[in-house]
Protein chains: 2
Amino acid sequence: MRGHILESALRLFAAGGFNGTSLHDIAADAGCSKASLIYHFSTKEAILTELLTPAREELAALDAHVTGLPQDQQVEAAVVGYVELALRHRREVKILFEDTPVMVCNPALGDIAAMAERLVDTMSGRSRDAGRIVSANMVLGAVFVTCAGEMDIPDDVLRDELIAGALRTLGRRPDGPRH
Amino acid sequence: MRGHILESALRLFAAGGFNGTSLHDIAADAGCSKASLIYHFSTKEAILTELLTPAREELAALDAHVTGLPQDQQVEAAVVGYVELALRHRREVKILFEDTPVMVCNPALGDIAAMAERLVDTMSGRSRDAGRIVSANMVLGAVFVTCAGEMDIPDDVLRDELIAGALRTLGRRPDGPRH
DNA sequence: ACGGTAACTGTCCGATCGGTCAGTACTGAC
DNA sequence: GTCAGTACTGACCGATCGGACAGTTACCGT
């Protein structure tokens, strides 16, 4: 049951947003009572927290891994790691971006924004140059939107194209998409 | 008053989302009663609609303008037009992306998604190649996120860097950001 | 056979939601 | 002076929200 609830909540939050989805909606979708949701998770917020925790932990792991790398490998590792993470957690990332106001007020999730910022800083090569900073922010949004929107492209192709596109955005590769 | 209400609603919707902002919140921020909101605009949805209409119309104009251009100028025109539009309507674009579920159900706003899709199609060079399609989608998200997030970079610099970054993403320029 | 506990539900609750409505204050036209 | 109309409000409404709580059922070790 617990798993069913999380699956329903994930789908509904991704489709209608956190504030746009009621406990009644989730209960109906999961095939249980509203009271059952509160039995398994004590709050609506707690459902969101538990839903996003795996992605949050993977982001933390990525953050730690990238930081420990030699300088000249950090950018590429950050890009690849972020793309794969976003692809592995498409709907979670969508919720993360679309419900930022809800998220930043959540004590268990509030550090995600800071970690994302650090990821962007890494992708910019820790530069103060406006061009680098803008490019890195662009990658953040580019990967998110592309993963969140549903396209009929196989995941492995999407992965490679996202990485290539992101590195192009950052000015790391001279070659464009073939045609 | 009417203008004050729209300004308050714009700020609050952008900060907390449509579903996360109540009529009471808007009334308090605008310094009037909740009933006054309904007097000027008949529904909460109508406030959103009126708020997004200018941006919607500019998008429609951009769509028409780009379509009328010779093939070889369309991609660059689409990129430049989109960047300038997003920069001119930062908060509106943020609402547009964060409240897609609300938007697509709104009859007066429902066509925005279709126009955005056409814009992406144009930026992809109307290609069926996965790389092109992914790149174009990336540009859509890249510009949005960068405009929506607040950075202390002057608008004109941001404009140039966004255009350059987007064209790089699309593989239209071999040079990266200077360093 | 039975006590304990985990899983689950129906029902109720106060708060808040978007929206209605009767009424008031002000203003310019005649 | 008065009257129509515009701008606005306080009080109120039903619906829905997240959540509390007292059960009921089913299973399990003893």
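Below, chains carry the letters A, B, ... as their sequence lines are ordered, and counting in each starts from 1. For the numbers below, each heavy atom of this structure counts, side chains included, while hydrogens, waters and symmetry mates do not.
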request  = Pick out which of V139(B), T146(B), V145(B) makes a side-chain contact (heavy atoms from CB on, under 4.5 Å) with M138(A).
outcome  =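 Exactly one option meets the side-chain contact (heavy atoms from CB on, under 4.5 Å) with M138(A), and it is T146(B).
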Stepwise side-chain contact (heavy atoms from CB on, under 4.5 Å) test for L162(A) and L87(A) = CA-CA 10 Å; L162(A) 278 171; L87(A) 231 33; 4.2 Å; yes
message = Tell me every residue that passes side chain to side chain contact (heavy atoms under 4.5 Å, CB included) with I38(A), counting only those two or more places apart in sequence or in another chain.
response =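 I38(A) satisfies side chain to side chain contact (heavy atoms under 4.5 Å, CB included) with L23(A) only.
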ask   = Between F13(A) and F18(A), what is the ring plane arrangement, given parallel below 30°, perpendicular above 60°, and tilted in between?
value =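 Plane angle between 30° and 60°, so tilted.
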query = In residues 7-30 of chain A, which ones come under 4.0 Å of DNA chain C, going by heavy atoms?
reply =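 Correct list: empty, so none.
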message = Please determine whether side-chain contact (heavy atoms from CB on, under 4.5 Å) holds for the pair T122(B) and R126(B), giving the CA-CA distance in whole Å, both sets of side-chain angles, and the decisive distance to 0.1 Å.
response = CA-CA 5 Å; T122(B) 301; R126(B) 305 192 201 293; 3.3 Å; yes
key: Short side-chain to backbone donor-acceptor contact, D25(A) and S22(A), under 3.5 Å   =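 Indeed, once roles are kept as given, a pair shorter than 3.5 Å links the two residues.
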Cluster check I26(A), Y39(A): I/L/V/M/F/W/Y, side chain < 4.5 angstrom =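 Shared cluster, no.
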Same apolar cluster (I L V M F W Y, side chains within < 4.5 Å links), Y82(A)/L69(A) =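 Each belongs to a different hydrophobic cluster.
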inquiry  = For K34(B) and R2(B), find the nucleotide of DNA chain D closest to each by heavy atoms; which residue's nucleotide sits nearer the 5' end?
reply    =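 So the residue in question is R2(B).
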message = Going 5' to 3' along DNA chain C, between which two nucleotides do contacts with chain B fall, using a heavy-atom cut-off of 4.0 Å?
response =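 The contact span of chain B on DNA chain C goes from dC17(C) to dC21(C).
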